[in-house]
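Remarks on the structure that follows.
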Amino acid sequence: MAYSFRVTDRHTQQVTYVDDVDGMRNLIDTGVDGEIEVVDSEGNVIRPRDGMVANYERVSPDNPRELADTFTQAVWTVPVGRLGDDAESAYTRGDCDVFAVALARLIPDGQIVGIVDPFDESGEIILGAPPHLIHAGLYVDEYVIDIRGIHDRHEWESKWAEKGSADCEFEFLDQEQLEDMQGVKMDEAEIEEAMRIAALVAVANGYDVQPEHAPALAA
């Protein structure tokens, strides 16, 4: 069974289908003010529990997981921020907290989570201050979403905990706690920019992001 992205323009209600990298890049470059859904060949909407999350089994070429992975990787190359870093680098090496907050605004049922370490990057115990944030994401439907897509919660936890000490923990957080850990208040413009990218990652992985809850995808 083939899968594709069904794109519905909010103003004209025009529907187009995207199922290749060129089409995906066009969506990223030009944007769309409307709704994007993952659908099968009969027009049925695919959600995460319907096969969007791969475990250890081999993923066949017509699995919706492969479509989502291809699209998510295309999103990684979008330049963001003042320095124009690619999205994958920006949201795994410093601004993962901003991306998690952006996802939380788009998917209200989710909860911000993070891998936190009581030791700092030099291996010293942190006393009288918030713990060190290793990575942040959004926990929803027993999975975690970040810039790299959707992951099994335990696999995500294990992978990122390896970046810190043996005392790393998986914790539920909020924006204020993230700001305390990072030592800086988040800029609303940065969150809105992250929401543009987060919306694409969310819909690529089967989550429903209504247009009124997100900025237009065009820059």
* Asked: Which distance, rounded to the nearest 0.5 Å, do you find between the CD1 of I134 and the CD of E157?
  -> 12.5 Å
* Which pairs, with at least one residue in residues 161-190 and sequence neighbours excluded, count as a ring-ring contact (aromatic ring centres under 6.0 Å, His included)? -> Y139-F172, F170-F172
* **With sequence neighbours excluded, residues passing side-chain hydrogen bond (donor to acceptor under 3.5 Å, both in side chains) with Q177** => none
* To do: Identify the two heavy atoms, one from A136 and one from L178, that lie closest to each other, and give their separation to 0.1 Å.
  => CB-CD2, 4.3 Å
* Asked: Same hydrophobic cluster for I115 and I150, using side-chain heavy-atom links shorter than 4.5 Å among ILVMFWY?
  -> no
* Asked: Nearest heavy-atom pair of G43 and R6: which atoms, and what distance?
  -> O-NH1, 3.2 Å
* Asked: If you measure from CZ on F99 to CD1 on I112, what distance do you get to the nearest 0.5 Å?
  -> 12.5 Å
* Asked: With distance as the sole test, does H151 use its side chain to make a donor-acceptor pair with the main-chain N or O of G149 at under 3.5 Å?
  -> yes
* Asked: What closest approach, in Å, do P131 and M181 show between heavy atoms, and which atom pair accounts for it?
  -> O-CG, 3.5 Å
* To do: Name all pairs fulfilling the salt bridge (Lys or Arg N to Asp or Glu O under 4.0 Å) condition that reach into residues 170-186, sequence neighbours left out, sorted by first residue then second.
  => E179-K185
* Asked: Can you tell me how far CG of L103 sits from CD1 of I197, rounded to the nearest 0.5 angstrom?
  -> 11.0 Å
* Verify same cluster id: V201, W156 (apolar side-chain graph, 4.5 Å) -> no
* Looking at G114 and L133, what are the two nearest heavy atoms and their distance? -> CA-CD1, 4.2 Å
* To do: Search all heavy atoms of H135 against all heavy atoms of T92 and return the closest pair with its distance.
  => CE1-CA, 4.2 Å
* To do: First locate atom CD of E192, then atom CG of D187, and finally report the distance between them rounded to the nearest 0.5 Å.
  => 9.0 Å
* Asked: Can you name the residues that form a salt bridge (charged side-chain N to carboxylate O under 4.0 Å, His left out) with E188, not counting sequence neighbours?
  -> R105
* Asked: Is the backbone N or O of Y143 less than 3.5 Å from a side-chain atom of D141, with the two atoms forming a donor-acceptor pair by type?
  -> no
* Structure fact -> Nearest heavy-atom contact between L173 and V113 is CD1-C, 4.2 Å
* Asked: Can you tell me how far the SG atom of C96 sits from the CZ atom of R148, to the nearest 0.5 Å?
  -> 10.5 Å
* Asked: According to a 4.5 Å side-chain heavy-atom criterion applied to Ile, Leu, Val, Met, Phe, Trp and Tyr, with indirect links allowed, do V144 and L106 form part of one hydrophobic cluster?
  -> no
N/O donor-acceptor pairs under 3.5 Å from side chains in residues 158-169, not counting sequence neighbours:
residue: S165; atom: OG; partner: D117; partner atom: OD1; Å: 2.7
residue: S165; atom: OG; partner: D117; partner atom: OD2; Å: 3.3
residue: S165; atom: OG; partner: D167; partner atom: N; Å: 3.2

* How would you list all residue pairs meeting ring-ring contact (aromatic ring centres under 6.0 Å, His included) that involve residues 180-200, not counting sequence neighbours? -> none
* Side-chain heavy atoms of T8 within contact of Q14, under 4.5 Å -> no
* To do: Any chance you could measure D95, atom CG, to S89, atom OG, to the nearest 0.5 Å?
  => 11.0 Å
